[in-house]
Amino acid sequence: MPVLLNTSFNLRGEPIVADAFDALWCFVRAGLDAVVIGDVLISRSAVPETWRRWGEEVPRGQRPMVSDNVYTFF
Amino acid sequence: MRFALERSRRRTDRLAALLADARGGETLAELQKLQLSLAPPTTPAVSDGGESTRIGPWEIVREETGTALRRRPLPAAEARFWSQGGDVPVAPEARRVVLLGESMARGFLTDPVVTPAGLLERWLTETAGDASHQCVDLARTGTSLEEVEEIVKRLPALEPDVVVLMCGNNWAHPRYTVGALDVLGRALHDGGYELLRESFWRAVVLPRIARLLERLGWLGESGAELVVVIPEFNLAEWAPEPGFETPVLRDEDLARWIPLRERAAELLAADRWQELLATAEELERLDGGLSPVSSHLRGRALLALGRNEEARSALEQSRDAGCGLLVSHSPRCPRPIQEQLAAFASEHGAACVDLRELLRDEGSRLPDAGAFLDYCHLSIEGQLRATRAIAAAVLGVEPAAEAVNVGGRRHEHAAAHLMAAMHNAYSGQPRATLVRHLERGLALAGGDAADLCRFRRFLVGSAPAWADRAFNELCRLPNARRYLAANVEGRVYGFESLARRALVDALAEVLPDRVEAAPVRAQDLLRAGTTGTSVRERAGVTYEEQRGYVQAAAACSRFRIDGAPADGFDLELVLRVPGLETPGRVVEITLNGKPLAAVVCSPRWSRSAIALDAELLAETNELVLRWPPPVAQYDDRQAADAAALGRGEFPGVLPSTGEIAVLRATPRRRSPAMGVGAERGDAAT
């Protein structure tokens with residue numbers, strides 16, 4: 001069933017994209033079919049092989065540098 | 001029900017208020033430690049490892065004729081820390097030599113093209129025959145003391161004939177337990193930063209190394225021959241990293257230390273060695289030997305005066321000064337670890353390859369800088385010397401050959417020095433060091449500057465690394481790719497912080513006829529400096545507090561602004577001086593040596609805007625912020641740091657002369673800034 005799902009443009013654990021480079025990097029790593037930036041449509045088939053390889057190598061979602069301590073009293 | 005909820009909320013609010021301050025944090029931490037001390041023993045930090053069939057990227061496989069290692073898939077981000085080698089077959093006729101180590105043993109910046117394990121196997125087989133030895137490369141970049149111990153536990157399953165321990169550079173960055181931090185907190189509380197450092201060695205690091213070596217000794221008793229390599233540091237070339245000059249000192253000492261350190265820099269620049277020596281000695285008296293800068297300056301002066309043996313001792317002291325103060329520093333093997341390794345080798349009859357002796361230049365008494373790529377990682381020349389000596393220890397005789405085929409192509413050898421220039425720049429090393437590596441790379445490439453030009457195109461480009469064509473072209477070289485892959489996102493470990501400008505300047509010196517003018521951009525001056533962080537920080541472990549501002553620890557903070565746009569720059573600053581009680585104190589700001597403004601500072605953040613008119617600017621500009629004399633801070637810092645350690649957190653350690661939240665130069669478009677203005681910080685001039 002075709003679905004249009006409106007969600008934030010980011011990978012899990014990462015900030016929402018802030019500029020065109022962020023959007024492209026997220027697009028490459030998320031395996032999306034296409035992205036529109038301004039009046040440019042980029043399809044997955046147009047992604048250079050080097051970008052795709054980096055996208056596969058870089059781990060998704062970084063753990064936070066510092067974890068918050070949670071205290072439980074009960 | 002509603003009433004009960006309301007009542008419990010009042011109680012929890014009250015409890016939250018009681019626990020919200022430092023005292024509350026300390027109380028909670030003590031409750032947790034009490035619980036830990038009463039709890040039944042849990043699994044020790046290092047498991048017994050006996051049941052595990054894995055070592056790094058390999059599965060240990062028992063076959064009829066012996067033990068093999070079968071490569072298993074690992075995520076690329078982890079696999080690149082290990083050897084790229086595949087399966088290790090059973091080789092019953094060969095002596096199995098296992099190499100344990102960290103990035104030095106991995107061949108950082110030359111791996112996978114040239115590696116110590118590969119060279120060692122060549123030395124051995126050149127002398128003893130093709131199938132005489134099998135080298136198993138278990139070195140892993142960034143591996144910790146605790147991880148080495150895990151591997152040592154599993155080694156008996158591999159049935160090694162020889163174990164080479166080429167470790168120690170990461171051991172001054174141990175894995176901290178809450179208990180260890182608690183011990184350090186008490187030491188800091190009782191005896192200041194001197195006792196903190198002393199306790200770090202006595203109570204935390206040396207006992208753990210002893211435990212590892214004891215286990216290694218058992219391996220020796222069960223029949224494996226042991227070879228211990230004692231790491232050396234690039235004493236001749238490495239300058240203290242800019243992120244740490246001194247811990248906070250007692251107030252009157254800090255007030256004298258900061259201007260005196262500035263005076264020492266002037267004396268160094270003027271080659272006034274006798275005066276520099278006296279000044280450095282005075283600095284050391286003030287800091288009690290806790291600063292890497294004072295002893296380094298003394299070492300430089302002694303070298304210039306021809307007192308080489310004393311100079312070596314001073315430079316070793318500089319190398320070791322920050323270890324145990326819980327500040328960031330590059331990997332290194334301080335003297336207590338070197339001595340412990342040497343004592344172990346002596347007590348257990350293990351062969352010892354002491355790189356301090358092997359790499360020593362007999363004239364200067366310092367290690368030969370040509371054997372290094374940075375602080376501790378060896379160049380191909382250094383690896384050849386080290387592995388020849390290890391081969392001699394394994395064989396019991398000097399290898400017959402004077403040289404072995406190193407392998408790899410010249411552009412790959414050259415790339416090691418290109419990456420070394422980057423790595424050195426990242427740690428704020430002098431331009432001469434960067435130039436040395438770039439020139440060496442150019443020579444190894446036979447004068448072909450194509451990769452240097454790619455490097456520069458990438459540095460002056462604006463695309464993120466993964467999308468940059470020049471970056472991707474450099475990554476065709478396997479050793480460059482291994483290093484650069486960690487930086488591909490250009491964010492956490494971004495190239496902006498990789499001292500890009502220092503590299504561009506060094507490249508301009510090496511390729512003067514190929515310089516392209518970089519476009520003038522808005523510049524975030526706080527991001528563009530060197531950060532000098534360690535491998536551990538890249539793994540997400542940092543010793544410093546997580547801050548959204550830069551803490552200055554010197555008399556002056558220096559920044560560089562590139563370019564001279566026709567309409568000048570607008571400079572935006574947000575500053576504060578914590579603890580400042582004297583009204584009317586100013587931060588004096590100069591541009592290219594000329595007074596620009598004086599901004600009245602206070603303990604609260606204040607924003608200022610300054611117009612940098614075109615006539616004040618050159619192609620490269622130096623902006624200097626001179627802070628007021630340091631405020632009294634020792635008692636507060638020590639108490640806060642001891643309390644932080646008690647809560648299982650890391651201490652701040654560094655003094656503060658001022659703090660900067662924003663420092664940005666933006667090319668002016670149309671209307672000029674309003675001159676020196678301020679939301680809170682009013683300009684005095």
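Here is how names work: the chains are called A, B, and so on, in the same order as the sequence lines, proteins then strands, and each is numbered from 1.
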TODO: Find the distance between OG1 (Thr50(A)) and CD (Glu473(B)) and round it off to the nearest 0.5 Å.
DONE: 10.0 Å
TODO: Indicate yes or no: at least one non-hydrogen side-chain atom of Trp466(B) is less than 4.5 angstrom from one of Val58(A).
DONE: no
- [ ] Please determine if Arg481(B) forms a cation-pi arrangement with Trp54(A), meaning its NZ or CZ atom is less than 6.0 Å from the six-membered ring centre and no more than 45° off the ring axis.
- [x] yes
Task: Heavy-atom proximity to chain A below 4.5 Å, by part of Ala463(B) - done: both
- [ ] Verify the neighbour count for atom CZ of Arg72(B): are there more than 12 heavy atoms of other residues, nucleotides or ligands below 6.0 Å?
- [x] yes
Open item on the list: If you count every heavy atom of other residues, nucleotides or ligands that lies below 6.0 Å from Arg52(A) atom CZ, does the total exceed 12?
Closed with: yes
- [ ] Step through the shown structure and confirm whether more than 12 heavy atoms of other residues, nucleotides or ligands are within 6.0 Å of CZ on Arg476(B).
- [x] yes
Task: Arg10(B), CZ: over 12 other non-hydrogen atoms inside 6.0 angstrom - done: yes
Task: Crowding at CD, Glu49(A) (>12 non-hydrogen neighbours, <6.0 Å) - done: yes
Task: For the student: nearest non-hydrogen atoms of Ala467(B) and Trp51(A), plus distance - done: CA-NE1, 3.6 Å
